[in-house]
Amino acid sequence: MLKNVSVKPLLAASLCALGLSFQAMAADVAIVIHGGAGTILKKNMTPEREKAYVEKLTEAVKKGYALLQSGVDGETAVVETIQVLEQSPLFNAGIGAVYTFDGEHELDASMMHGGTLNAGAVAGVKTIASPIAAAQAVMEHSPHVMLSGEGAEEFALSRGMEPVDNHIFDTDRRYKALEKARERILKAGIAYGGQRGNERFGTVGAVVIDKQGNLVAGTSTGGMTAKRYGRIGDSPVIGAGTWADNSSCAVSATGHGEYFIRYHVAADICSRMKYTGVSLDEAANTVINDVLVEAGGDGGIIAIDHDGNIAAVFNSAGMYRAQIDTDGKVKVGIYKEWVE
């Protein structure tokens with residue numbers, strides 16, 4: 001009996017003799033999603049609300065996994081998974097997006113394909129029902145990477161996406177959060193900033209490895225509560241909030257966006273894997289729990305590497321998340337511990 005011998009190199013050699021590649025034959029798929037990180041404490045959560053989060057996260061991750069198992073490409077699985085979260089008022093993306101200081105909603109999204117290194121993003125859009133679908137359209141049908149504001153909305157219309165009224169994103173819970181933040185900011189007499197706690201972030205994202213062995217990542221958000229002057233966070237910024245490279249990993253981030261931009265968090269994790277040979281877990285923990293903590297940034301990431309390993313790392317009190325690994329094992333988490 002052979003011991004300490006990896007099956008993959010032997011299988012790869014056999015496939016090469018047949019003119020095939022291991023990556024092309026790999027059938028393992030996996031998915032990990034998040035619904036935002038932040039000050040998420042069990043003492044502040046009702047059983048009913050906790051149940052609602054778990055059910056929606058489970059619905060989304062199972063939908064994405066089923067799509068991957070059926071053989072669809074990773075980008076389709078990412079978009080349709082994120083759309084489940086965009087359409088839920090529980091999360092700060094699409095329906096349920098936070099309000100700007102002026103009482104509107106400005107949405108951002110991005111996605112990246114690890115095989116082609118192609119990427120697409122939209123920022124500050126107000127009339128696009130599914131920003132992640134618009135980001136995919138930019139990636140696949142535009143020579144550009146990021147489109148913003150009215151231009152992005154015009155492009156989405158050219159791709160057959162009918163505009164929606166900005167008020168479809170309204171929710172009472174988010175409006176109350178705006179009133180609280182705006183009152184405090186005005187009282188302090190400051191022109192910008194002043195957000196506290198969960199007002200600073202909230203995002204959804206999905207990362208997958210598909211049957212072709214491609215890594216794909218996507219992120220969508222409503223941004224920061226009471227943001228002003230067209231503020232854009234990390235979610236639509238390739239390398240900060242989203243990154244994918246088949247040679248290393250794919251990442252979707254959630255947290256205080258300014259820090260994730262300054263420290264190019266998503267790309268940094270994959271670069272550490274690619275250039276220093278560390279594991280996904282080590283790279284993610286170093287960036288989130290060392291680099292970001294030292295800088296004063298809070299939040300987290302989800303990631304998958306080229307071997308299908310999954311990471312979900314955060315330095316905040318909690319992060320809404322769910323995953324199905326290459327063995328088909330489902331896990332859901334809100335606080336530090338996973339629930340299997």
Side-chain angles (χ1 to χ4, degrees), residues 30-40 78 108 110-114 117 119 121 198 200-209 215-221 223-224 232-323 325 331 333 335-338:
I31 180 171
V32 56
I33 68 174
H34 71 76
T39 308
I40 305 166
V78 164
D108 312 319
S110 66
M111 71 181 309
M112 186 169 182
H113 189 283
L117 299 185
N198 290 336
R200 296 171 298 163
F201 38 64
T203 318
V204 305
V207 179
V208 307
I209 183 168
L215 297 170
V216 183
T219 311
S220 181
T221 188
M224 181 182 286
I232 302 296
D234 64 301
S235 295
V237 179
I238 301 302
T242 302
W243 184 258
D245 183 344
N246 281 5
S247 67
S248 54
C249 68
V251 177
S252 173
T254 171
H256 193 166
E258 281 68 18
Y259 288 92
F260 282 72
I261 294 172
R262 292 169 187 155
Y263 292 89
H264 59 286
V265 166
D268 187 25
I269 291 170
C270 297
S271 294
R272 287 171 186 265
M273 285 189 66
K274 186 173 183 177
Y275 297 119
T276 69
V278 299
S279 69
L280 175 61
D281 274 335
E282 183 176 347
N285 274 287
T286 297
V287 173
I288 298 300
N289 291 317
D290 293 341
V291 176
L292 268 188
V293 168
E294 184 177 343
D298 47 1
I301 61 93
I302 54 170
I304 295 179
D305 70 14
H306 49 71
D307 292 322
N309 298 308
I310 292 174
V313 180
F314 51 99
N315 61 34
S316 51
M319 181 171 73
Y320 300 110
R321 62 202 188 278
Q323 69 173 58
D325 62 20
K331 294 199 296 186
Y335 317 108
K336 290 294 182 182
E337 303 80 16
W338 287 97

Heavy-atom nearest pair, I33 first then A206, reads CG2-CB, 3.9 Å
Smallest heavy-atom separation, A303 atom then I301 atom, equals CB-CD1, 3.9 Å
Looking at every heavy atom in both P236 and A121, which two are closest together, and how far apart are they?
O-CB, 3.2 Å
Sidechain-backbone polar pair: T254 side chain, A37 backbone, donor-acceptor under 3.5 Å:
yes
Closest contact, heavy atoms only, G205 versus I302
O-CD1, 3.8 Å
What residue among D234, I232, T203 forms side chain to side chain contact (heavy atoms under 4.5 Å, CB included) with D108?
I232
In short, I238 meets M111 closest at the heavy-atom pair CD1-O, 4.0 Å
Point-to-point distance, once rounded to the nearest 0.5 Å, from CG of L280 to NE2 of H306:
9.0 Å
Who passes side chain to side chain contact (heavy atoms under 4.5 Å, CB included) against I310, sequence neighbours left out?
A30, V32, I304, Q323, D325
Donor-acceptor contacts under 3.5 Å from residues 311-320 side chains, at least two apart:
| residue | atom | partner | partner atom | Å |
| --- | --- | --- | --- | --- |
| N315 | OD1 | G299 | N | 2.9 |
| N315 | ND2 | I288 | O | 2.8 |
| N315 | ND2 | G297 | O | 3.3 |
| S316 | OG | G38 | N | 3.4 |
| S316 | OG | G318 | O | 3.0 |

Would you indicate whether the side-chain heavy atoms of H113 and V216 approach each other to under 4.5 Å?
yes
Spacing of S252 atom OG and M112 atom CE [to the nearest 0.5 Å]:
13.0 Å
Classify the side-chain pair S247/D245 by whether it contains a donor and acceptor separated by less than 3.5 Å.
yes
For T242, check side-chain hydrogen bond (donor to acceptor under 3.5 Å, both in side chains) against everything at least two apart and list the hits.
S110, T219
Only counting residues at least two apart or in another chain, list the ones meeting side-chain hydrogen bond (donor to acceptor under 3.5 Å, both in side chains) with D298.
R200
Which value, rounded to the nearest 0.5 Å, describes the distance between N289 atom CG and E294 atom CD?
12.5 Å
Mind checking what makes side chain to side chain contact (heavy atoms under 4.5 Å, CB included) contact with N309, not counting sequence neighbours?
D305, D307
Compare every heavy atom of A283 with every heavy atom of M273, then report the nearest pair and how far apart it is.
CG-CB, 4.0 Å
Donor-acceptor contacts under 3.5 Å from residues 260-270 side chains, at least two apart:
| residue | atom | partner | partner atom | Å |
| --- | --- | --- | --- | --- |
| D268 | OD1 | R272 | NE | 3.2 |
| D268 | OD2 | R272 | NE | 3.2 |
| D268 | OD2 | R272 | NH2 | 3.4 |

Would you say the side chain of K331 lies within less than 4.5 Å of the side chain of R321, judging by non-hydrogen atoms?
no
Any chance you could measure W243, atom CH2, to S271, atom OG, to the nearest 0.5 Å?
7.0 Å
